[in-house]
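Reviewing the structure listed below.
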Amino acid sequence: MRSLLFVPGDSPKKMDKALGSGADVLLLDLEDSVALSAKEEARKTVAEFLTAHRGDDGRPLLYVRVNALDTGLTDADLDAVMTATPDGIMLPKAISGRDVSHLDAKLAVREATFGMDDGATRIVVVATETAASLFHMGTYRQCSQRLAGLTWGAEDLSADIGAAANRDETGAYLEPFRIARSLALFAAVAAEVPPIDTVFTAFRDMEGLEAECQAAARDGFTGKMAIHPAQVPVINAAFTPSDDDIAAAQKIVAAFAGAGDVGVVGIDGEMVDRPHLRRAEKLLDRARLAGKA
């Protein structure tokens, strides 16, 4: 999951266009991009889209962002879309791993009701959209076997804490939001799921997007959410390991494989230890998922 593209759930035209964007995941949105008065129609639209395209060859993964558990709208969202077997559900505004477990139970009931395989529907959680959530970031480990990714959000968090802005005049995140970003990265890795960076809202600023993607990939994030199809190629390029990085990782893996049960090997005059091996193995896993290794 390098690129996850949000698409308004009440726009068949935008959903059809998004299919050709190159995104790894489409996030069919029933939450923030859909007005309350349009929720019911959006549910029908998303279900019809899922039904029409779930059998397509080479399609992106199709996830649905439902409304948060405390809105009273989640069950109606799930009743509508689970009949059409989405690949996964995005849960916004989670407070802790308990919310993921709660959603897990709701999905299990509907999978059984609609004749789906148990556990077939995965979950991506948005884990930092409230101040309270930041005190529970360590609770996502083993909260659900469905958990497939963890991401963070700055827009709702800024509203929750009453911040006038979440970025400074250079575009860099301000301190409260850098903390949330780091906690999300650590929480995802601790839960053994992909850490996914948040959206870049200046959708015409491709240089800024590329710089933010490169920084996220450097720090350990493996993908990023997008709000416009034009952002997808930039995100995919940034989170796809380069040929040079793949070759270097393969050399590390081969060196350890040839050396037997050792903690350190020498490569090109440099001592490389097992943390380097783990990092190389993770990079090659990402390369394989991207079809490059």
Side chain to side chain contact (heavy atoms under 4.5 Å, CB included) assessment of Thr128 paired with Leu183: CA-CA 9 Å; Thr128 70; Leu183 287 173; 5.6 Å; no

Set of residues satisfying ring-ring contact (aromatic ring centres under 6.0 Å, His included) with respect to Phe177, sequence neighbours excluded: none

Verdict with reasoning, Asp99 to His102, per side-chain hydrogen bond (donor to acceptor under 3.5 Å, both in side chains): CA-CA 5 Å; Asp99 286 346; His102 189 181; 5.3 Å; no

Does a donor on one side chain and an acceptor on the other come within less than 3.5 Å for [X] and [Y]?
| X | Y | result |
| --- | --- | --- |
| Thr45 | Asp10 | no |
| Asp244 | Ser242 | no |
| Thr222 | Arg286 | no |

So, does [X] use its side chain to make a donor-acceptor pair with the main chain of [Y] at under 3.5 Å?
| X | Y | result |
| --- | --- | --- |
| Asp117 | Ala120 | no |
| Asp56 | Arg59 | no |
| Asp87 | Leu62 | yes |
| Thr71 | Ala68 | yes |
| Lys39 | Val34 | yes |
| Gln231 | Ile227 | yes |

Sequence-distant partners of Arg274, salt bridge (charged side-chain N to carboxylate O under 4.0 Å, His left out), two or more places apart: none

Under a 4.5 Å cut-off applied to non-hydrogen side-chain atoms, are [X] and [Y] in contact?
| X | Y | result |
| --- | --- | --- |
| Pro229 | Leu5 | yes |
| Leu107 | Arg146 | yes |
| Pro92 | Arg65 | yes |
| Val199 | Phe6 | yes |
| Thr85 | Thr51 | no |
| Asp77 | Arg43 | yes |
| Phe203 | Leu209 | no |
| Thr151 | Leu4 | no |

Answer yes when [X] and [Y] have at least one side-chain N-carboxylate O distance shorter than 4.0 Å, and no when they do not.
| X | Y | answer |
| --- | --- | --- |
| Lys93 | Asp70 | no |
| Glu111 | Lys106 | no |
| Asp285 | Arg288 | yes |
| Arg278 | Glu281 | no |

Looking only at non-hydrogen atoms, find the nearest pair between [X] and [Y] and report the distance.
| X | Y | result |
| --- | --- | --- |
| Pro86 | Thr121 | O-CG2, 4.1 Å |
| Ala131 | Phe135 | O-CD1, 3.6 Å |
| Tyr140 | Val125 | CE2-CG2, 4.0 Å |
| Cys143 | Gly97 | CB-O, 3.5 Å |
| Val193 | Ala148 | CB-C, 4.1 Å |
| Ser33 | Pro8 | OG-CA, 3.4 Å |

If you round to the nearest 0.5 Å, how far is [atom2] of [Y] from [atom1] of [X]?
| X | Y | atom1 | atom2 | value |
| --- | --- | --- | --- | --- |
| Leu150 | Ile123 | CG | CD1 | 11.5 Å |
| Leu50 | Glu48 | CG | CD | 10.5 Å |
| Asp104 | Arg122 | CG | CZ | 10.5 Å |
| Leu61 | Leu27 | CG | CG | 10.0 Å |
| Ser144 | Leu91 | OG | CG | 10.5 Å |

Six-ring centre of Phe239, Arg2 cation under 6.0 angstrom, axis tolerance 45°: no

Atom [atom1] of [X] with >12 non-hydrogen neighbours under 6.0 angstrom:
| X | atom1 | result |
| --- | --- | --- |
| Gln145 | CD | no |
| Glu210 | CD | no |
| Arg98 | CZ | no |

Stepwise side chain to side chain contact (heavy atoms under 4.5 Å, CB included) test for Thr130 and Asp156: CA-CA 7 Å; Thr130 65; Asp156 284 288; over 6 Å; no

Grouping I, L, V, M, F, W and Y whenever their side-chain heavy atoms are under 4.5 Å apart, do [X] and [Y] come out in a common cluster?
| X | Y | value |
| --- | --- | --- |
| Leu103 | Ile196 | no |
| Leu78 | Val109 | no |
| Met225 | Phe200 | no |

Ring-ring centroid check Trp152 Tyr173, cutoff 6.0 Å: yes

Test log, rule side chain to side chain contact (heavy atoms under 4.5 Å, CB included), inputs Leu185 and Asp197: CA-CA 8 Å; Leu185 174 62; Asp197 197 23; over 6 Å; no

Test side chain to side chain contact (heavy atoms under 4.5 Å, CB included) applied to Asp79 and Arg110, step by step: CA-CA 8 Å; Asp79 287 341; Arg110 287 165 176 83; 2.8 Å; yes

Any residue meeting side-chain hydrogen bond (donor to acceptor under 3.5 Å, both in side chains) with Ser37, in chain and number order, not counting sequence neighbours: none

CA sep, side-chain torsions, deciding dist, call: Thr74, Asn67, side-chain hydrogen bond (donor to acceptor under 3.5 Å, both in side chains): CA-CA 5 Å; Thr74 316; Asn67 290 277; over 6 Å; no

